[in-house]
Number of protein chains: 2
Amino acid sequence: MATIEDVAKAANVSMSTVSYVLSGKRTISADTRLRVEQAIRKLGYRPHAGARALAMSKTHIIGLVAPLRAGVDVNVILQFVAGIATRARERDHDVLLLTQDDADSIARAAQTSMVDALVVMDVESDDPRLETLESVRQPVVLIGLPHDPRGLSCIDLDFEKVGQRAAEHLIEGGHRRIALIGAPEEVRKRHTSYADRMLHGLSTACRAADAEWTYQPTPSSGSGAAASVDAVLKRMPEVTALMVHNEVALPHVISHLQTLGLRVPEDISLIALAPGSVIDALARPVTGIDLPAERIGRLAVDTVLGDDDAEVRLLQPVLTDRGTTRHLT
Amino acid sequence: MATIEDVAKAANVSMSTVSYVLSGKRTISADTRLRVEQAIRKLGYRPHAGARALAMSKTHIIGLVAPLRAGVDVNVILQFVAGIATRARERDHDVLLLTQDDADSIARAAQTSMVDALVVMDVESDDPRLETLESVRQPVVLIGLPHDPRGLSCIDLDFEKVGQRAAEHLIEGGHRRIALIGAPEEVRKRHTSYADRMLHGLSTACRAADAEWTYQPTPSSGSGAAASVDAVLKRMPEVTALMVHNEVALPHVISHLQTLGLRVPEDISLIALAPGSVIDALARPVTGIDLPAERIGRLAVDTVLGDDDAEVRLLQPVLTDRGTTRHLT
DNA sequence: CTGAAAGCGCTTACAG
DNA sequence: CTGAAAGCGCTTACAG
């Protein structure tokens, strides 16, 4: 590999001049610039990332903490990742993937100065990684909202409002018995922040309107989805509306309702929370709230790279009516 | 951040001694070692990754080239990634995620010495990235098998044998009309290597036995899966066996067959290629060939980090009979 | 407009 | 068993 010294020699200038041609941090005569640029091209020179990081104390690498846990929705995860990776490159950064589920691996990446910033996914209400994250020199952004963010930046969909908005929409339509078909049980068990918040929003709105609600964790499989629907119907026979917050289960819920002879929305209303792409891919789109995962990923990068110093930023849910909720007379 | 110099001062030794205590590359008196270790702990010292990379010409980072393309199976992708990331950490390496779909971004990561090695996913039969990969100083392993690997290491399931094995299993059972429910159309269109190879194996085996076969690309959605089954039944009404190579479509294919009143295996035989976890999650497991994505990911890391210098390594398919293929009398 | 040199934080031959 | 110093490949004050 050619070094900056090789280029300097080939162009008959000093190393500093080559460096400044590259960085544009001082004015260079047209003639010199040309010679340097030619030498760079001829030698196929690229600055050594490690050397540059050492000299500048900047790695141009963002650490992405993405534990691959049971029950997570891979589709949604990958949308977050896509948003983060794309935006990072647009801003001349790379992404270091940290999949280990412990605070130590975060500490390691941060303390060895491998990364300039950290984006953390799959945040729990009382996340054990927070202490480490707080102690780290680099800026951090959480995708999610713990009970106590401890001054860390957070960005997420406002899941509390999602639950609330969905419930209100149904309640306004006269519904009094609502079931939430949620994420797989593991997700709730570890108090993944969005599951907690969503349920809280929904239950609060229901209580305020004196409506009944029930919560049904649901495995991400066809049979699990069907079983969940059955369980709900058994527990709450008079249920008139289903809110589905489980992207994988969603199509299976729909087909199982069909199998049971329950028409949507005549017999039962349906409202979903899922990425727009998932809703669009359904044979028949459903009324729902978009989960803008890719956009959140992009915003996370912007936040952590500093031009957004928003402490806690919660995107407001937008409900799109596609006719799968019925107005009960 | 404390530096090695800080540690040296605190322990009253030279920098080199600290370095050697850390690396274990020379013998240190028990006394000295103790003082150094205490100083390290007290200062919370961690060697600066960039400085180390510069001095050793080793970053301990593996570049993972994983373009997030349309039609890819996110579940399978994430299993590869999990295998790669886990194995990398076991071997004291980190993973840099390169999602951009062009040769330039590979060249950049390699030429700036950001990575020690490259693992490349989603390889096409005639992959345009091969030229760049060939020119790179770092070792490379492809997950997939292009027509001409140009001396690069390759590791993958032997998809040709998968197609062949599945076809033979069915042909031995007396089947003469076989349909392959494949990946989404985009995957085949860009000649993703596994799709090409699978189809080739299947068609060759069918031709050899004078059996009919048809290929049906299939979108990864419920309605797409159903439409594909319908299309196959229309084109080949006498079809007696379906081979499904589309993890997302698989459950929908099964439920659509049920809707159509076709019993498995009495009316139609079913064989799948999917990760074991996906097959296990089905309400009723199907006869199939396991796609050991996580294992391949791990092997890719071992290969590229050097103890496996296997040029081309194709894992042999194992067919597990779970009773969803019928022996036609 | 350009160059010589210090410094970023490590590792590792070279000496003793 | 240990230390002083060169070197890895950059950037950026300092000088001119």
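As the structure is a prediction and not an experimental result, all values here were calculated from the model. In what follows, every chain begins at residue 1, and chains take the letters A, B, ... in the order their sequences are listed.
- Counted by atom type alone, A:D126 and A:H147 present zero donor-acceptor pairs between their side chains at under 3.5 Å.
- Counting any heavy atom pair closer than 4.0 Å across all strands shown, A:T3 reaches sugar-phosphate atoms only and no base atom.
- Between the B:T17 side chain and the B:V13 main chain, no donor and acceptor come within less than 3.5 Å of each other.
- A distance-only check finds a donor-acceptor pair linking the side chain of B:D290 to the backbone of B:G276 [under 3.5 Å].
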Dot-bracket notation for DNA chain C is requested: 5' to 3', Watson-Crick or G-U wobble pairs only, both distances under 3.5 Å, with ( ), [ ], | and . as defined. |||.||||||||.|||
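- For B:M56 and B:R33, each mapped to the nucleotide of DNA chain D holding its nearest heavy atom, the one lying further toward the 5' end belongs to B:R33.
- In this structure, A:S16 reaches the bases: a heavy-atom distance under 4.0 Å links it to at least one base atom across the strands shown.
- When each of B:A55 and A:V18 is assigned the nucleotide of DNA chain D bearing its nearest heavy atom, the one mapping closer to the 5' terminus is B:A55.
- For DNA chain D, the outermost nucleotides in 5' to 3' order that have an atom under 4.0 Å from a heavy atom of chain A are D:dG9 to D:dC14.
- Legend: side-chain hydrogen bond (donor to acceptor under 3.5 Å, both in side chains) pairs involving residues 70-81 of chain B, not counting sequence neighbours, sorted by first then second residue: B:N75-B:E247, B:Q79-B:S277.
- Between the side chain of B:S105 and the main chain of B:D102, a donor-acceptor pair closer than 3.5 Å is present.
- The residue among B:K25 and B:L54 whose nearest nucleotide of DNA chain C is located toward the 5' end is B:L54.
- Using a 4.0 Å heavy-atom cutoff across all strands shown, A:S29 reaches sugar-phosphate atoms only and no base atom.
- A:S19 and A:S16 are not linked by any side-chain donor-acceptor pair at a separation below 3.5 angstrom, with hydrogens and angles left out of the test.
- At a cut-off of 3.5 Å, with distance as the only test, no side-chain donor of A:T132 or A:S135 sits close to an acceptor on the other residue.
- At least one donor-acceptor pair closer than 3.5 Å links the side chain of B:D116 to the backbone N or O of B:H60.
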